[in-house]
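Have a look at the structure below before the remarks.
Hydrogens, waters and symmetry mates are skipped; everything else that's a heavy atom, side chains included, is used. Predicted model only: the values in this text are computed from it and were never measured.
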Amino acid sequence: MSLSAPPKVTAFRIRPVKAPLAKPHRSASGLIEVASLVLLDVETDAGVTGASYVFVYAPAMLAPTAALLQELEALVTGAAVAPAAVTAMLHARFRLFGLQGLLGIAINAVDMALWDAHAKLAGLPLSRLLGGAPRPVRVYDSLGMMDPDDTARDVEASLAAGFRAFKIKAGRPDPRDDAAVVHAIRKVAGADCWVAADFNQAFLAPEATERMRVLDAEGLAWIEEPVKAEDHAGHAAVRAAIATPVQTGENWWGLPDMRHALDAQACDHAMPDVMKIGGVTGWMAAAALAEARQMPVSSHLFVEISAHLLASTPTAHMLEWFDLAAAVVASPPRVADGHAHADDQPGAGIRWNEAAIGRCLA
């Protein structure tokens, strides 16, 4: 019995954009006013297009990332829409160079777009294609570094929008000021509301531990990246000395980084970033490893695809809501009663706002 030829990739469409944020976002590492995104469409001979986007942190990284994607287009054109196989081919091609940094981001953008196309061709939401199903996932609103009054006003708006959990950017010179922001949130949202704190790698392990002598009393759900992301021993030392759970993972480049962190006992929770962990293909491997270790998994950024990935992750915990692409994506998950709801349309949930993209092109 013969099988029809599988759909093949015919072309890429690559668009760097500077997507304005609804509000500037401040952390211990600086201020973000626009999201530097590269949008990717992978076209196929079946008339289906797969979409993804990546966040490259700074406008200076837009052009090099787009150039890398143009180089990958030549390698992927003509390949079957088989995401894991294409990703394995690209990994083999660039193994000697390494799969981190902008090259890793570009390869993972291709992986995500191919999975979107694959799900659309199957007529399934990505979560169903991966063995799960669209379902509500707990969500928290990721707030910037603000004073207590401004934080309280943002929390009031977040509650009205359906959020019931919150994360602050922490790392102020005096840790008591971080505690004051937590108090402001709970005054508005309730004494028992879910609150976490992200230090964005601001400290060495001894200072991070000293700060937690103040913050341990606040009942935080977790502290995130108190030390450099690659300092697994430092994370483990902080974790051993404090009562609050430690979260890390948004800067793991692929499964080897995740294994090293877990083997070092660097964290209580895992937060892979789909753009860095290896796209959808890498995420599913990370989810399996987390399940084997019985470790809760939360997402970092990329709210559309992350809602689908968490819905098919056995130890799914929390979806981070920091909607970087709100200015250019027309299909964010719905938030209600503290949960994010991915839609049940075929694909990974990305549909472009073409009129807005035209105004944001870099």
Say you draw a straight line from [atom1] of [X] to [atom2] of [Y]; how long is it, rounded to the nearest 0.5 Å?
X: D231; Y: E225; atom1: CG; atom2: CD; value: 11.0 Å
X: W252; Y: H260; atom1: CH2; atom2: NE2; value: 12.0 Å
X: R359; Y: N353; atom1: CZ; atom2: CG; value: 6.5 Å
X: H308; Y: L129; atom1: NE2; atom2: CG; value: 11.0 Å
X: R153; Y: M146; atom1: CZ; atom2: CE; value: 9.5 Å
X: N200; Y: E250; atom1: CG; atom2: CD; value: 6.5 Å

Give me the atom names and distance for the closest heavy-atom approach of [X] to [Y].
X: D141; Y: W321; value: OD1-O, 3.5 Å
X: E320; Y: L301; value: OE1-N, 3.1 Å
X: I185; Y: C193; value: CG2-SG, 3.8 Å
X: L215; Y: T244; value: O-OG1, 4.4 Å
X: S36; Y: A58; value: OG-C, 3.3 Å
X: K8; Y: G78; value: CD-O, 3.4 Å

Between V34 and I357, is there shared hydrophobic-cluster membership here, with clusters defined by ILVMFWY side-chain heavy atoms closer than 4.5 Å?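 The answer is no; the residues belong to distinct hydrophobic clusters.
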
Note, [X] side chain near [Y] side chain (heavy atom, < 4.5 Å):
X: M258; Y: P272; answer: no
X: L90; Y: V76; answer: yes
X: V9; Y: L114; answer: yes
X: K18; Y: P59; answer: yes
X: T65; Y: P16; answer: no
X: L99; Y: W253; answer: no
X: N251; Y: Q201; answer: yes
X: N108; Y: V54; answer: no

[X] side-chain N/O to [Y] backbone N/O, donor-acceptor pair under 3.5 Å:
X: T10; Y: E43; value: yes
X: S127; Y: S312; value: no
X: D198; Y: K169; value: no
X: E224; Y: F199; value: no
X: R164; Y: L159; value: yes
X: S52; Y: A109; value: yes

Where do I242 and I223 land on the side chain to side chain contact (heavy atoms under 4.5 Å, CB included) test, with the steps shown first? CA-CA 10 Å; I242 69 175; I223 61 162; 3.7 Å; yes

With side chain to side chain contact (heavy atoms under 4.5 Å, CB included) as the test, would you mind laying out the steps for L310 and R135 before giving the verdict? CA-CA 9 Å; L310 285 171; R135 62 178 178 86; 5.7 Å; no

Classify the angle between the aromatic ring planes of F55 and Y57 as parallel (below 30°), tilted (30 to 60°) or perpendicular (above 60°).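 Ring orientation of F55 relative to Y57: tilted.
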
If you count heavy atoms of other groups shown closer than 6.0 angstrom to [atom1] of [X], is the number above 12?
X: R93; atom1: CZ; answer: no
X: K228; atom1: NZ; answer: no
X: L204; atom1: CG; answer: no
X: Q265; atom1: CD; answer: no
X: E354; atom1: CD; answer: yes

E218 vs H183, test: side-chain hydrogen bond (donor to acceptor under 3.5 Å, both in side chains). Steps then yes/no. CA-CA 8 Å; E218 300 304 325; H183 297 165; 2.9 Å; yes

Checking side chain to side chain contact (heavy atoms under 4.5 Å, CB included) for the pair F203/T209: CA distance, chi angles, key distance, verdict? CA-CA 9 Å; F203 305 108; T209 301; over 6 Å; no

Ion pair check, [X] and [Y], cut-off under 4.0 Å:
X: D178; Y: R211; result: yes
X: R334; Y: D343; result: no
X: R213; Y: E210; result: yes
X: D116; Y: K120; result: yes
X: R293; Y: D263; result: yes

Start with the C-alpha distance between S299 and W283, add both sets of side-chain angles, then the distance that settles side-chain hydrogen bond (donor to acceptor under 3.5 Å, both in side chains), and finish with yes or no. CA-CA 10 Å; S299 65; W283 177 284; over 6 Å; no

Give me the other members of the hydrophobic cluster that W194 sits in, counting Ile, Leu, Val, Met, Phe, Trp and Tyr linked by side-chain heavy atoms under 4.5 Å, directly or via other members.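 Cluster partners of W194: Y140, W222, M271, M318.
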
Would you sort out whether W115 and T281 count as a side chain to side chain contact (heavy atoms under 4.5 Å, CB included), showing the intermediate values? CA-CA 8 Å; W115 276 104; T281 301; 2.9 Å; yes

